[in-house]
Amino acid sequence: MLDLKWILANLDDVRAAMAKRGAEVDLDRLVALDERRRKTIAEVEKLKAERNESSRKIGQMIKAGEDATPLRERVREIGERIKALDEELRGIEGEIRDLLLTIPNVPHESCPVGEDDSANRVERTWGEPRTFDFEVRDHVDIGEISGILDFERAARVTGARFVVLTGQGARLERALIQFMLDLHTELHGYREVLPPFIVNRKSLLGTGQLPKFEEDLFRVDPPGDWYLVPTAEVPVTNLHAGEILREEDLPLRYTAYTPCFRSEAGSYGKDVRGMIRQHQFDKVELVTFARPEESWDVLEQLTGHAEEALRRLELPYRVVTLSTGDLGFSAAKTYDIEVWLPSQGTYREISSCSNFLDFQARRANIRYRPAGGGKPRFVHTLNGSGLAVGRTLLAILENYQREDGTFEVPAVLRPYMESRL
RNA sequence: GGAGGGGUGGCCGAGUGGUUGAAGGCGGCGGUCUUGAAAACCGCUGCGGGGUCCCCCCCGCCGUGGGUUCGAAUCCCACCCCCUCCGCCA
């Protein structure tokens with residue numbers, strides 16, 4: 001969420017930013033609501049000051065043995081007016097809050113301006129897509145021939161957009177998770193956490209999935225305000241919700257493996273074949289809490305950490321900067337890392353690394369105390385996939401495929417595929 | 001699920017109706033002392049909001065939301081969370 005004061009002081013900038021995103025935001029209503037709000041505050045606080053003053057006087061009168069009944073009556077009336085005004089004020093502030101929660105972040109000036117992903121800017125490309133001297137298969141065929149992917153039985157057990165990994169497939173998924181966690185903890189200095197896979201409504205408000213994107217989530221029935229995690233970003237970022245961190249501890253870096261659950265509402269017909277778009281997939285996430293001054297550097301580092309996983313797996317990829325129209329709700333800037341998929345002859349998203357500035361921190365109330373003392377400030381939060389495990393497995397099958405429809409295991413993963421018993 | 005205990009400032013911890021935004025301690029910041037550091041001593045040290053706002057004034061905040069009262073951290077109700085014991089259970 002953006003700072004109300006800042007919005008009001010920079011109305012034109014905010015208007016321009018929303019236009020770049022293609023977002024409809026009623027800023028005029030916000031301005032009107034704020035005026036009403038301040039007017040009501042002035043009124044009710046004047047009455048409260050009067051009540052406090054009179055109550056003090058009543059106390060003194062009673063102590064002095066005087067009759068305070070008339071004054072008491074008057075203060076009682078003031079109290080009733082205060083109650084009414086307070087209620088009105090709560091209503092106005094609620095409306096303002098609801099509105100603020102639906103305003104997306106302001107894109108950073110370095111984001112290319114455009115309506116959709118066609119305006120995304122390619123920053124760099126790594127690796128040379130392999131040339132095949134046979135007809136390439138997609139991961140669905142390779143998975144079937146190798147006997148490690150079973151979409152039919154997954155459909156029987158659950159439904160469409162699920163997969164069963166079996167034998168070496170399950171082991172490869174596990175190896176990838178282990179490899180990525182090892183890489184980020186041992187080499188990149190992240191702290192590993194294993195968070196709950198169910199979160200409450202407040203956490204989803206904190207990171208920005210709610211209130212606008214409820215239809216993307218799976219809600220857990222009995223409690224009503226519990227949801228399956230759509231990404232580890234939610235539980236891990238909210239780890240420090242409401243806290244005041246110490247500046248000395250920043251940047252705080254966490255990595256977490258979780259499955260991710262997405263309803264994929266509105267994506268009917270897209271990527272229906274295979275495991276590109278599933279209701280459940282594994283992901284290793286990177287989350288960083290940073291000082292405001294360092295967050296742009298941290299975004300570069302974090303993106304580099306995700307890239308390192310692909311380099312070690314020797315999978316060709318490119319990094320693109322999302323255009324203003326393609327940017328997620330909470331992000332100020334996002335790099336997507338896209339891996340090469342031979343079957344599609346194109347690069348597909350395998351990681352998304354974003355700087356949210358203080359947008360999430362303000363929603364989730366995550367602050368830090370400056371080292372020299374002073375007022376708490378909002379931290380900057382960042383996160384990125386390091387990487388989406390299912391898509392990585394898929395990319396391995398395709399890029400490491402053999403002519404007979406089987407595949408090779410990347411060298412870096414072989415130790416993880418071997419028995420240690 | 002049952003019984004009991006508890007949620008107060010960065011942290012610990014007093015406080016059961018009237019200058020208590022809150023004793024005391026720890027931590028932090030500044031100072032005295034010291035060649036330097038430590039110790040000791042002194043001072044300062046919550047968050048948010050409003051006001052013609054860099055001085056100052058005012059309002060709110062003691063888990064959350066209601067209620068009682070002229071006045072609530074203190075009394076009442078509901079809810080949330082934590083702890084202990086019992087039951088159940090992977």
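In this text the structure is predicted, and so the values were computed from the model without any measurement.
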**Request:** State plainly whether the residues A/R137 and A/E398 are in salt-bridge range, i.e. N to O under 4.0 Å.
**Result:** no

**Asked** How would you label the contact of A/I78 with the nucleic acid (heavy atoms, under 4.0 Å): base, sugar-phosphate, or nothing?
**Response** nothing

**Request:** May I ask you to say whether A/E264 pairs ionically with A/R277, meaning some side-chain N is under 4.0 Å from a carboxylate O?
**Result:** yes

**Request:** Would you mind checking if A/R36 and A/E93 are paired as a salt bridge, meaning a charged N to carboxylate O distance below 4.0 Å?
**Result:** no

**Request:** Considering only atom P, compute the distance from B/G28 to B/C11 and round it to an integer number of Å.
**Result:** 15 Å

**Prompt:** So what does A/K39 touch, heavy atoms closer than 4.0 Å: a base, only the sugar-phosphate, or nothing?
**Reply:** nothing

**Asked** Between B/G10, B/G50, B/C47, which nucleotide gets closest to the side-chain atoms of A/R38?
**Response** B/G50

**Item:** Candidates B/G10, B/C70, B/G60 - which lies nearest the side chain of A/K48
**Value:** B/G60

**Item:** Pairing residues for A/R51 by the side-chain contact (heavy atoms from CB on, under 4.5 Å) criterion, not counting sequence neighbours
**Value:** A/K48, A/S55, A/V75, A/I78, A/I82

**Message:** Checking one value: the base orientation of B/U68, syn if chi is within 90 degrees of 0, otherwise anti.
**Reply:** anti

**Request:** Classify the nucleic acid contact of A/R37 as base, sugar-phosphate or nothing, counting any heavy atom under 4.0 Å across all strands shown.
**Result:** sugar-phosphate

**Complete:** Per nearest nucleotide of RNA chain B, the residue lying toward the 5' end, A/R367 or A/I58, is A/R367

**Message:** Does A/K57 reach a base, just sugar-phosphate, or nothing at all? Heavy atoms under 4.0 Å.
**Reply:** nothing

**Fill in**
Taking a pair to mean Watson-Crick or G-U wobble geometry with both distances below 3.5 Å, B/U84 pairs with B/A3

**Prompt:** If you look at every strand shown and take non-hydrogen atoms under 4.0 Å, does A/K5 touch a base, only sugar-phosphate, or nothing?
**Reply:** sugar-phosphate

**Item:** Residue A/A42, side-chain heavy atoms: nucleotide from B/G67, B/G50, B/C47 that is nearest
**Value:** B/G50

**Prompt:** B/G71, B/C47, B/G50: which one has an atom nearest the side-chain heavy atoms of A/S55?
**Reply:** B/G71

**Item:** Counterpart base for B/C44, defined by Watson-Crick or G-U wobble contacts under 3.5 Å
**Value:** B/G28

**Prompt:** Where the side chain of A/N52 is defined as all heavy atoms beyond and including C-beta, which of B/C70, B/G60, B/C58 is the nearest nucleotide?
**Reply:** B/G60

**Item:** Salt bridge A/R377-A/E247, side-chain N to carboxylate O under 4.0 Å
**Value:** no

**Item:** Rounded interatomic separation in angstrom, taking CD1 from A/I41 and C1' from B/G49
**Value:** 6 Å

**Paired nucleotide for B/C70 [Watson-Crick or G-U wobble; both distances under 3.5 Å]** = B/G18

**Fill in**
Per atom distances to the A/I62 side chain, the nearest of B/C58, B/G18, B/G50 is B/G18

